[in-house]
> 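Pasting a structure below so you can have a look.
All residue numbers in this chain count up from 1 along the given sequence. Just so you know, ligand 1 is whichever comes first in the structure, and atom 1 is the first atom listed for that ligand.
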Amino acid sequence: MSRVYNFSAGPAVLPEEVLREAAEEMMDYKGSGMSVMEMSHRSKVYDNIIKEAESDLRGLMNIPDNYKVLFLQGGASQQFAMIPMNLMKNKKAAYIVTGQWAKKAFQEAKLFGEAVKVASSEDETFSYIPDCSNLEIPEDADYVYICENNTIYGTKYKTLPNTKGHTLVADVSSCFLSEPVDVSKYGIIYGGVQKNIGPAGVVIVIIREDLITEDTLPGTPTMLKYKTHADADSLYNTPPAYGIYICGKVFQWIKKMGGLEVMKQRNEEKAKILYDFLDQSKMFHGTVRKEDRSLMNVPFVTGDKELDAKFVKEAEAAGFVNLKGHRTVGGMRASIYNAMPKEGVEKLVAFMKKFEEEN
Ligand SMILES: *Cc1c(COP(=O)(O)O)cnc(C)c1O
């Protein structure tokens, strides 16, 4: 068996321990005589799996009792519609557009009401987070929407926007469980798990209970009401059962590693290795304003497209894969999620040094 260092932005690297455990349990999960993939989501065995996953997540994130944890499907992208359908009581919401994903959410919200773009960093290819300390937020906006870590551009909010009392809704797909958060500051925190937590197919929505109501926009399908899933503890219909099981293993792995404080320290150390190198390199440069840099997604360029392509190709041959940047930024992007070992980043930097010397 040989594993590569996988710098994919998502689906992304998972802890080896988790994959090994899942392999061991593949044919016979804890004496049940079957794989988790094969069992009823209404069985006692599966009930334990999903309950334990929720309880571990609650512990890790210190989720207050007045928040529900929902395990849903449809990708993060489905939330772009589900959020306005459930929350836009006044048919108005404020959006801060800091990248492609925030922009997509903003555009989707326009299908349901008045989505107001209250700030944007599109003028400089989303390479920074705008000042959100005193935005003009419409009085009757139902919520303020952000994408907290911008997967494609590699920026992250270091302070949350001043929402002036409005409910904050955040897409945290690419920074989920990368550091501690104060859940009580948000109305909804949600994310697709395929970046930092598990296999594609699961979306976790952490939602304050008062936002879960029958009062959704007319025509909202049953499956797209938070209330449907909250009332049924995420078992209204067949959930993405195997994916949730893997998420649960990742929660346990994080617990064993020491929790989110430790994750944060590890992630800061890893990111520093890469950013410190970029800051002194004559060949490679980061593309993002320093104070807004993400700990998870690190885009960089040489400034020469052919050299970028050569780097990506040679890196791949050396076992560092998925380093090609997003098509809208070009260059390279190293996603260094929780499960990327420090050694992977150190070796990547050593490879970059060598490449710089030789080219
Ligand atoms: C990947 C990503 C999405 C889209 O996720 P899907 O599950 O493919 O819909 C949305 N937001 C962010 C921040 C992402 O990184």
Side-chain angles (χ1 to χ4, degrees), residues 6-14 70-85 93 95-109 111 115 120-122 125-129 143-158 160-161 168-179 181 186 188-207 223-224 229 239-240 242-244 246-247 250 267 287-288 292-299 322 324-329 333-340:
N6 180 5
F7 293 93
S8 170
V13 56
L14 287 168
L70 308 176
F71 295 99
L72 307 178
Q73 308 188 52
S77 301
Q78 183 161 282
Q79 293 306 308
F80 299 170
M82 207 160 157
I83 288 159
M85 284 174 133
Y95 279 73
I96 301 174
V97 178
T98 53
Q100 298 275 341
W101 296 118
K103 194 172 171 180
K104 281 193 170 157
F106 166 63
Q107 278 160 348
E108 189 74 2
L111 297 174
S120 166
S121 53
E122 192 160 14
T125 333
F126 299 120
S127 59
Y128 69 103
I129 299 289
Y143 58 89
V144 175
Y145 182 100
I146 62 168
C147 177
E148 196 161 328
N149 184 79
N150 296 280
T151 324
I152 296 173
Y153 299 96
T155 58
K156 161 123 203 296
Y157 286 80
K158 300 295 159 77
L160 293 174
L168 180 64
V169 174
D171 174 357
V172 298
S173 295
S174 50
C175 59
F176 227 147
L177 302 182
S178 63
E179 56 183 283
V181 290
Y186 304 77
I188 294 181
I189 302 184
Y190 80 93
V193 305
Q194 73 272 29
K195 309 289 161 68
N196 210 15
I197 301 183
V202 183
V203 182
I204 298 175
V205 176
I206 301 164
I207 177 170
M223 274 294 285
L224 298 187
H229 300 285
Y242 193 80
I244 295 168
I246 299 290
C247 292
V250 172
N267 289 328
T287 57
V288 163
D292 299 327
R293 283 170 163 175
S294 165
L295 292 180
M296 297 279 100
N297 311 99
V298 183
N322 289 319
K324 193 173 187 310
H326 191 269
R327 61 189 183 281
T328 59
V329 184
R333 171 178 49 174
S335 295
I336 49 176
Y337 296 119
N338 285 349
M340 172 60 64

> Considering only the protein, which heavy-atom contact is closest to atom 14 (C) of ligand 1, and what is its distance?
K195 NZ, 2.8 Å
> Just verifying a value: how many Å separate Y143 OH and Y95 OH, rounded to the nearest 0.5 Å?
2.5 Å
> Rounded to the nearest 0.5 Å, what separates atom OG in S174 from atom CD in E148?
9.5 Å
> Between D292 and Y157, is there a side-chain donor-acceptor contact under 3.5 Å, judged purely by atom types and distance?
no
> Measure from atom 13 (C) of ligand 1 to every heavy atom in D171, N297, V202 and give the option owning the shortest one.
D171
> Can you sort out which atoms of ligand 1 are near T151, meaning under 4.0 Å from one of its heavy atoms?
12 (C), 13 (C), 14 (C), 15 (O)
> For ligand 1, which atoms have a heavy atom of S173 less than 4.0 angstrom away?
11 (N), 12 (C), 13 (C), 14 (C), 15 (O)
> May I ask whether S77 places a heavy atom under 4.0 Å from ligand 1?
yes
> Would you say the side chains of N150 and T98 form a donor-acceptor pair under 3.5 Å?
yes
> Looking only at protein heavy atoms, which one is nearest to atom 5 (O) of ligand 1, and what is the separation?
A76 CB, 3.5 Å
> Does a side-chain N-to-carboxylate-O contact under 4.0 Å join E179 and K156?
yes
> Distance check, rounded to the nearest 0.5 Å: I206 atom CD1 versus I189 atom CD1?
5.0 Å
> Using a heavy-atom cut-off of under 4.0 Å, does the side chain or the backbone of C147 touch ligand 1, or both, or neither?
side chain
> Mind checking whether K104 contacts ligand 1 via backbone (N, CA, C, O), side chain (CB onward), both or neither, at a 4.0 Å heavy-atom cut-off?
neither
> Should you measure from each heavy atom of G75, which atoms of ligand 1 turn up under 4.0 Å away?
7 (O), 9 (O)
> Nearest 0.5 angstrom please: T328 OG1 to I152 CD1, how far?
5.5 Å
> Report, in ascending order of atom number, the atoms of ligand 1 lying under 4.0 Å from any heavy atom of Q194.
5 (O), 6 (P), 7 (O), 8 (O)
> Within this structure, what is the CZ-SG distance for the pair F176 and C247, rounded to the nearest 0.5 Å?
9.0 Å
> Can you tell me which portion of Q78 lies within the under-4.0 Å heavy-atom range of ligand 1? Options are side chain, backbone, both, or neither.
neither
